[in-house]
Amino acid sequence: MDRRNFVQAGVASLALAGMNPLSVFGKDEKATGGFGPVTCENVAGGEGDLRMRFLGTGAAGWRAGSTRERRNSSILLDGKVLIDLTKSVLDTIPEGCHPEHLFYTHSHNDHYQPQQALALGVKNVYVSETWVDRAKGDFMQEAKKLNLPLPRFVTLKVGTPISVEGLVITPLPANHTTNFYEEQAQIYLVEKGTTPEHLGVRLLYATDTSGIMGKASRLAGIDEHRSEIPPRPITAFVMEATMGVDGDEDFRIFNHSAPNTVARIARVLTRTKRYTPPAGQPVYLTHMSNALHGHLPQDELNRILPLPLRAAYDGLDVVLRAMP
Ligand SMILES: [Zn+2]
């Protein structure tokens, strides 16, 4: 679909929902209509809710001092747990906030910069077993240079959950490669207050990845197969959309996703009741390439995205409410 068709499809779905496509999803506006207003942004949450700040929402290509570009993708959960960290997001970490836990998705340098983790004083670093030894070496080298203490390393295994700061975080395989053949990039399932009786919050944070791998969907409980892992809906969904709105056939297709990829997955999960978000909570796009999205302003991008997609932005605070 080219950009014009995509825009038309987005506008058509907004019209269907009784929404004025020109006035919805602006950065400071509330969406109205079939989807309902977005009610999860910049609000206070309850006790069982998960607070998520998008520190950065861009792909590689951020340049220091630029105000036009999205920072490298990174999130902060409950003010305590980071997923990925680069120099670009140091100014979007809330003041007085000292997260001690850092999970890495993979070792591309728009996600992984050991010197920044050391400078921030992160105490626990979580890395896939497929490249943890290399990470230790990188950190050692940087720690020596900066004369800073080394963090503790926790080795992650796909499908094995880790409990940290009231969250249960399960690494899942991503469809994404680096120059290191043995490295398995990861996306994450983040659960809070999830018990056999209660859903709580089940967030699928998926960057960087082309689509969602079968094994990841099975481990998260959102595929349609019968398997040993019982099906369990996710309640929140954040996914990368590196390729722009007309980028479905970009050559990065083997490693990244486009807004249409995310929309398709969101529709399937919704239809099969594998995605059951609270009212007013959209699917958030992140890891948007500045260049491939044509440096579109936030409002303009949101205007052309089909529901329930919404572009996150750097510094956005979202409350993911716990479900019964
Ligand atoms: Zn990458």
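Whatever order the structure lists them in is the order used to number ligands and atoms, beginning at 1. Predicted model only: the values in this text are computed from it and were never measured.
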| field | Step-by-step ring-ring contact (aromatic ring centres under 6.0 Å, His included) determination, Tyr104 to Tyr112 | value | CA-CA 7 Å; Tyr104 284 116; Tyr112 168 71; 4.9 Å; yes
| query | Got a salt bridge between Asp78 and Lys192, using NZ or NE/NH1/NH2 to carboxylate O under 4.0 Å? | reply | yes
| message | Suppose we only count N/O/S atoms under 2.8 Å; would His106 qualify as near the Zn ion (ligand 1)? | response | yes
| field | Which atom of Asp208 approaches the Zn ion (ligand 1) most closely (N/O/S) | value | OD2
| remark: Which of Arg70, Arg71, Arg53 passes side chain to side chain donor-acceptor pair (under 3.5 Å) with Asp314? It is Arg71
| message | Let me check your reading of the structure: within less than 2.8 Å of the Zn ion (ligand 1), is there an N/O/S atom from His111? | response | no
| task | Of all N, O or S atoms in His108, identify the one at the shortest distance from the Zn ion (ligand 1). | result | ND1
| task | Determine whether more than 12 heavy atoms belonging to other residues, nucleotides or ligands lie under 6.0 Å from atom NE2 of His295. | result | yes
